[in-house]
Structure formats: C-alpha cells, structure tokens
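All remarks here apply to the structure that follows.
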Amino acid sequence: MHSDHVTTPFGRRPITLALVRGQQAAGTLSGSKTADKWKVFRDACAAMEPLGLQSASLAVLDALLSFHPQKELRGDGQLVVFPSNVQLSLRAHGMAPSTLRRHLAALVDAGLIIRRDSANGKRFARRGTGGEVETAFGFDLAPLLLRADELATLAETVLAARETLRKLREKLTICRRDTRKLLSAAIEEQAEGDWQSVEDIYIGLVARIPRRPTLRDVSDALESMELLKEEILNRLQDNGNSMNPSTSDGQNERHIQSSNPEPSHESEPSSREELGRPLGQEPPPLSLREGREKVVQAPIKAFPLGLVLRACPQIVEYGPNGRIEHWREMMKAAVVVRSFLGVSPSAYEEACETMGPENAAVAIACILERSNVINSAGGYLRDLTRRAQRGEFSLGPMLMALLRANGESGERTG
C-alpha cells in the first residue's frame, strides 16, 4: 500500500505546488490498477527528452525499481522503496552521492517519484507482527503507476517522431548523394553552365545542417536539396549531350587519365574544386617514373573559413581571445592545437609544405574534432600528408562528413 497524504520533504528542501498536486493525484490511484514496472521504465526512457531527464536520471530510476520486489506495480501494493544512498549508489553503477541526489531531485521534479520522508529524514519501513510493511519512508513509485498510460502514449509519440526523422534523414542522404554526384559529373565532363555557383549553393546547404538536426531542420534541408537537384537536372537536360552516356574518345581518355588507380579512402566523391583544381581545368597528366604511374601533385584549394569553422567548431576555443575571424588566427590556433594533440613540429611542417598552411590548419582542426577516435594524431596527419602527396586526399569529404555530424565512426584510426 502507499500513503495518500501530502508530506513535505525533510530538511531545507522546499515543496512546490506542483509537487503538492502530484502527491494529491497519487492519492487517487485505484487499487485495481497494475502495470509492468519495466514496461513503464522503458516508456519513460523513450520519453526522456520531453520529460526533461538525462540518461543518468533514468539509471537512478532503474536502481529504484530494482528495490521493488515484484515485477508489477500494483495500486493495492507497497509502492514505497527505502534503499540507503549507499545501496542506491551501488545499483546506479557507483554514482557519486552528490550526483545521485541531483538526479533523485530531477525524478521528483519530473513527477515520476514522490519523497516520503520520515521525521529524521531516514529511509526505513515499520513492519507488523506478521512481517508485512505497515509504514514505509523513502521514495513512492505511485506516480509511475498513475502515469503509466500517459508515459506509454508519450513514448509512442516520441518513437513515431524518431521514425519519421530517420526516414527523412535517409531521404536527405540519398538526395545529397544524388546532388553531389550529378554536380561532380557536370564539372568533370565540363558541361556548359556556371557550376561554380551551384557548387557554392550546395556547400552552403550542407553547412546549414546542424550537428543534431531536428525534424524541422531535416525537412527544410531535404526540401532545399531536392530543389537544387531538380535545378541541376534541368540544366543538364538543357545542356543536351552532357547527360549522354556515350562520350567521345577524348572524354573517355581524359576520364581514364584522371581516375585514381587505388580506391579512395573518403566517403563522398569530390569535384575538381574539392580536389584543389580550378573549375574547368583539366587534371594533370600521368608521368612515368621507374616504370610506375604517378599522379602529378596539385595544390589543395582552401575552403571558406566560415565553412571550416562550422565543421570544426572546437578549434575556435584555441584562437586568440577565444575566437577566429580570419586565416591568420586559424593558423595560430592550429599551432596551439598541434602541440596539444602531440603532433611533432616536423609532421606539421611537412603537412604545410604539401597541403599549404591553410589546409594543414584545417586538417589539424578536423583531427581535433575526431580526437576521441584517433589514437595517434601525428601518425594520422602524416598519413593524410602522404595521401596528399600522391594526389589521393581531399579536404572536402572530411569536412562534409563533419558537417553531417553522423559521418564519424566509432573505430579508432591512426
């Protein structure tokens, strides 16, 4: 059973009218109402965001439910659990006492549990002669049972929105891929038109996608990307032979010469601008040296600073006065980050000579963003430098992957 009277918390903890109403509502709980406690917990987990809870708060709720002996929460049963902070901390994966108290307060404020404090603030139960619990002081789980249906509905809504978001993100990924490849094909095959402006629009659209996009963000980005894809297709259709799969011998020869004999390590195709060549310029010819074909190295073209900072926001903290407004400040910040990441001066100097100082700074910024999955920042930078020397590296896909926010993998590299 549970007490349906209103009690105030022990000590200096205040009570609010919302907590009073919650206790009064718990007093109206029907004795016939039951619910699987773990089903209710899963629903609360799914509804974590609208409830305003963190995962650590749910870990504490999980621990509290583990002290309830039955699988079901029953309106006519004992719903007050009374573990000590030590016991509760152990079941909450060793959570610190101060952190435990904070998340208990969050569960109370969210209306999922009620404090039933004794006169001295201790948690315990008084048992009758038959061993049954007569009075218990601790945390009342009655609100979970009372709100079981509400939590189930809320969880269903959240999961439906999550599924809608997943489908929209999938459509956006496919649309981005189509747009990127169509744009690259138009540039590579020198179709007539101002493809530089289309490239700028594409990069701008990608840069505006937040790291953790909402349903509205993805919907807006998808609509804009579909319009851009349609515009590219219309231009190619007007262009005539640009979409003809049967190209001239000269075009085939140029395609073979510009093809990379080794598979690319990046996730997206790169336009000539991303590979460091001005639009409309032919790729450098292959030269034979000691019987092997090598690609003549071309300088990597720097991306707009604003785009770089959108993809790599962490490096801003290392700029002068905590900001970066031009490339000189960007390169100064990269030197600081290089030392922080343990990259040797020689490795960074080699990267500057190969890629140019601006692009070397961008590479450092990208490594900083992915430092949690890179074992050796210096080794990783040297690998990028070697690939740049072979003409196999482009900053574009790396920046685009960071802009997507879901392009990072959990595997360690370097």
Side-chain angles (χ1 to χ4, degrees), residues 171-209 220-261 263-264 266-287 293 295-308 310-311 356 358-359 362 388 391-401 403-404:
K171 290 181 66 176
L172 177 59
T173 298
I174 294 174
C175 187
R176 279 191 57 192
R177 182 189 67 199
D178 294 344
T179 304
R180 174 69 273 173
K181 289 192 175 184
L182 288 169
L183 181 56
S184 296
I187 295 172
E188 292 293 333
E189 298 183 21
Q190 298 183 350
E192 294 182 3
D194 183 12
W195 298 109
Q196 174 64 63
S197 63
V198 180
E199 177 93 359
D200 293 340
I201 293 172
Y202 173 81
I203 293 175
L205 289 178
V206 173
R208 286 199 297 270
I209 302 176
D220 291 346
L222 177 60
E223 182 180 0
S224 299
M225 196 64 69
E226 286 177 338
L227 288 174
L228 182 60
K229 176 184 174 181
E230 184 178 354
E231 174 65 18
I232 293 173
L233 288 173
N234 288 338
R235 291 192 182 193
L236 291 176
Q237 185 175 9
D238 294 340
N239 202 271
N241 293 330
S242 297
M243 295 299 292
N244 188 343
S246 177
T247 55
S248 65
D249 293 339
Q251 288 175 319
N252 287 333
E253 182 179 355
R254 285 198 301 273
H255 175 71
I256 294 172
Q257 286 181 339
S258 62
S259 297
N260 193 339
S264 172
E266 301 296 344
S267 58
E268 289 195 29
S270 302
S271 68
R272 286 209 176 102
E273 182 181 18
E274 292 172 330
L275 289 171
R277 297 191 296 271
L279 293 174
Q281 178 178 320
E282 287 299 314
L286 299 180
S287 61
E293 292 186 341
V295 178
V296 176
Q297 181 185 347
I300 303 174
K301 184 176 180 179
F303 278 77
L305 180 60
L307 174 64
V308 173
R310 283 176 178 269
E358 294 87 356
N359 291 300
V362 174
E392 301 172 355
F393 172 65
S394 167
L395 285 169
M398 181 179 289
L399 290 172
M400 292 303 106
L403 284 168
R404 283 199 306 268

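Below, each value reflects all heavy atoms present in this structure, side chains not excepted, and no hydrogens, waters or symmetry copies.
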- Please tell me if the side chains of Leu395 and Val308 come closer than 4.5 Å, counting only heavy atoms from C-beta onward. no
- Could you state the interatomic distance from CZ (Arg177) to OG1 (Thr179), rounded to the nearest 0.5 Å? 10.5 Å
- Message: Using side-chain heavy atoms (C-beta onward) and a distance below 4.5 Å, is Glu192 in contact with Leu236?
- Response: no
- Task: Just jot down the side chain to side chain contact (heavy atoms under 4.5 Å, CB included) partners of Glu230, sequence neighbours excluded, or say none.
- Result: Leu227, Asn234
- Distance col, row Gln196:CD vs Ile187:CD1, nearest 0.5 angstrom, shows 7.5 Å
- Task: Sequence neighbours left out, what passes salt bridge (Lys or Arg N to Asp or Glu O under 4.0 Å) with Glu231? Give chain and number order.
- Result: Arg235
- Which is it for Ile232 and Tyr202 under the side-chain contact (heavy atoms from CB on, under 4.5 Å) test, yes or no, and what are the steps along the way? CA-CA 11 Å; Ile232 293 173; Tyr202 173 81; over 6 Å; no
- Should Ile209 and Arg310 be marked as a side-chain contact (heavy atoms from CB on, under 4.5 Å) after you check the CA-CA gap, both sets of side-chain angles, and the distance that decides it? CA-CA 10 Å; Ile209 302 176; Arg310 283 176 178 269; over 6 Å; no
- Message: Could you work out, with side chain to side chain contact (heavy atoms under 4.5 Å, CB included) as the rule, every residue matching Ile201, not counting sequence neighbours?
- Response: Leu205, Leu228
- Item | Pairwise distance CG(Asp220) to CZ(Arg208) - rounded to 0.5 angstrom | 10.0 Å
- Note on the structure: Here the gap from Trp195 atom CH2 to Gln190 atom CD, rounded to the nearest 0.5 Å, amounts to 13.0 Å
- Carboxylate-amine/guanidinium contact Arg180 Glu199, below 4.0 Å: yes
- Which residues share a side chain to side chain contact (heavy atoms under 4.5 Å, CB included) with Asp178, sequence neighbours left out: Ile174, Lys229
- Message: What I want to check is whether the side chains of Asp194 and Ser197 have a donor and an acceptor closer together than 3.5 Å.
- Response: yes
